[in-house]
There are 2 protein chains.
Amino acid sequence: MLKNFQEIAVETPVDKIIGQIRGLISSGQLNPGDRLPSERKLAEKLGVGRTHVRDAIAKLEFYGILKTLPQSGTIVEGIGITALEGLITDVLKLEKSEFVDLVETRALLETQAARTAAKRRTMEDIINMKNALDAYEAKVRNGLPAVAEDLLFHLTIAEAGRNTVLKSLMLIITPDIVKNFTKLDVCKDGRFYRSLEEHKVILKYIVNQKPELAAKAMEDHLQDVTDYSKTLKMEDNH
Amino acid sequence: MLKNFQEIAVETPVDKIIGQIRGLISSGQLNPGDRLPSERKLAEKLGVGRTHVRDAIAKLEFYGILKTLPQSGTIVEGIGITALEGLITDVLKLEKSEFVDLVETRALLETQAARTAAKRRTMEDIINMKNALDAYEAKVRNGLPAVAEDLLFHLTIAEAGRNTVLKSLMLIITPDIVKNFTKLDVCKDGRFYRSLEEHKVILKYIVNQKPELAAKAMEDHLQDVTDYSKTLKMEDNH
DNA sequence: GTTCAATTTTTGGTCAACCAATTTGTAGGA
DNA sequence: TCCTACAAATTGGTTGACCAAAAATTGAAC
């Protein structure tokens, strides 16, 4: 019963401040290029500690909304975006990611990574991918779990794709993927052997510079993994 | 001449600490689930202030590597990923995103968003997209810049796509897109009218539930915008 | 020998004071 | 009148101390 009251107060001070600053910007009181009030003034005005104000500014800086200049002030950098309803705060909730969304998005990114890797891979990239694949194979043949090695292979492909943004996004969702997969215990039985073969096919197409075939192979591979994890999930429920 | 010396010291304390923690994890001294040494201990061990340790932990928490439990400790959440060579530090450099990478990745995400939106859009989604489009049109017809309204339309499409992960990733790269586009002053002349027509086509296909046509329309639209910004860039260089 | 509760210790969260760099204001000289 | 040099005020950066909550420890009761 008392929990209801706590729920209200659950809005952390930082979120509260972010809301306030966003309000100032969207209401036009703060425009791009303007200087924010000093941290002290803000803290006093909002009735919170300066630490909270600093944390809030740090988060907004992360998203390119603000830019803080040492010993000078904090300025508004990002335009209008902040006016777009409550969207900004939503970014902070990537953890609630539905599993199916995660898999769908991962497939999208990885397929594209394989496609561009086939176009742009250098000799060095090929060596890196080969090494990652060998490390994966070694673990599998010894019957050891190889989730990390699996993902490392995929990330070297992203590396070969030569798209820093795409790679960054993959890195952002990777922890969530790992979390879900270890939960499902994908390690058991001979699943890994099939995965290994599929990895080899993907690498072959990338080496031979066949973008669409590489993309297709990656798509099929991820489809396999997804199907497999779904069967495991069903076993869980019986 | 003196700048060279500064360059060396440019490694901020936070980056240094991130490197140290990464070292601990990749060397196997810290495994997923383990508790990190307390902030105080780390600060003393590394010879820096506790604030820096907190900042570093906050950044790593942002990417799902660590998870801090209030009054309890900080644990390692992401598995093996951190063992993957210097990849983690690269995540933090999303701002150096090459413009071409950004555009390429945006196109990938938006195209997929349009495709799924055409499959899953509800009546409410249609209303939201229509409203966003109207707001855009109103600004354009008054000769006002409408970058924010433009992006809002795109984001409502992502919303209609019903993939929280995809939407989150789009939100992450949006500030960078805005930054680059306002820099190029895309606002002048009648470019917006053409954009408006393209938006209408995209919406039409989404409403009529034609996934592939919607995806193609979005792809063409973004290709147009990209080409246009390239011509502006060339004008800049003359 | 085991269990449970009280107490001590450790933890991350918060705050207020201090520091160095920057900016701003001002007075003096050309 | 304008410019320069210097000082005062303001800024974000950093530190150490304090707080409440969670863990770990201890010891008494059974």
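Lettering of chains follows the sequences in order, A, B, ..., and the numbering in each one begins at 1.
- To the nearest angstrom, P of D/dG12 lies 16 Å from CG of B/Asp55.
- Phosphate contact (OP1/OP2 of C/dT10, side-chain N/O of B/Ser38, threshold under 4.0 Å): absent.
- Taking only side-chain nitrogens and oxygens, B/His52 comes nearer than 4.0 Å to OP1 or OP2 of D/dT15.
- Test B/Ile17, B/Val48, B/Val53, B/Thr74 against B/Leu42 for side-chain contact (heavy atoms from CB on, under 4.5 Å) and you get one pass: B/Val53.
- Each of A/Gln71 and A/Arg50 was matched to the nucleotide of DNA chain C holding its nearest heavy atom; the match closer to the 5' end belongs to A/Arg50.
- Nearest nucleotide to the side chain of B/Arg40, out of D/dT11, C/dT14, C/dT11: C/dT11.
- Between B/Arg162 and B/Thr122, some side-chain heavy-atom pair lies under the 4.5 Å cut-off.
- For the pair A/Ile57 CD1 and D/dG12 P, the computed distance is 7 Å after rounding to whole Å.
- A/Asp134 places no side-chain N or O within 3.5 Å of a backbone atom of A/Asn131 that could act as its donor or acceptor partner.
- Rounded to whole Å, the distance from CG on B/Leu46 to P on D/dT15 is 13 Å.
- Look at CG on A/Leu66: it is 14 Å from C1' on D/dG12, rounded to the nearest Å.
- Here A/Thr74 reaches the OP1 or OP2 of D/dG12: one of its side-chain N or O atoms lies under 4.0 Å away.
- We find that CZ of A/Arg54 is positioned 16 Å from P of C/dG13, with the value rounded to whole Å.
- Contact between the side-chain N/O atoms of B/Lys41 and the OP1/OP2 oxygens of C/dT10 is not found at any separation under 4.0 Å.
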Take A/Leu108 and B/Leu166, measure what side-chain contact (heavy atoms from CB on, under 4.5 Å) needs, and give me the verdict at the end. CA-CA 9 Å; A/Leu108 179 71; B/Leu166 186 61; 4.0 Å; yes
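- By the 30° and 60° cut-offs, the orientation of the rings of A/His154 relative to A/His221 is parallel.
- Between A/Ile75 atom CD1 and D/dG12 atom P there is a gap of 12 Å when expressed in whole angstrom units.
- DNA chain C is contacted by both A/Thr51 and A/Pro70; A/Thr51 maps to the nucleotide lying nearer its 5′ end (nearest heavy atom per residue).
- Nucleotide D/dT11 holds its P atom 12 Å from the CD atom of A/Glu44, rounded to whole Å.
- Closest to the side chain of B/Arg35, from the set D/dA24, C/dG13, D/dG12, is D/dA24.
- Side-chain proximity of A/Ser72 to D/dT14, C/dT23, D/dA24: nearest is C/dT23.
- Of the candidates D/dG12, C/dG13, D/dA24, D/dG12 carries the atom nearest the A/Glu39 side chain, counting heavy atoms from C-beta on.
- Put simply, A/Thr68 has no side-chain N or O that comes within less than 4.0 Å of OP1 or OP2 on D/dT11.
- For the pair B/Leu42 CG and C/dT11 P, the interatomic distance rounds to 10 Å; values are reported in whole Å.
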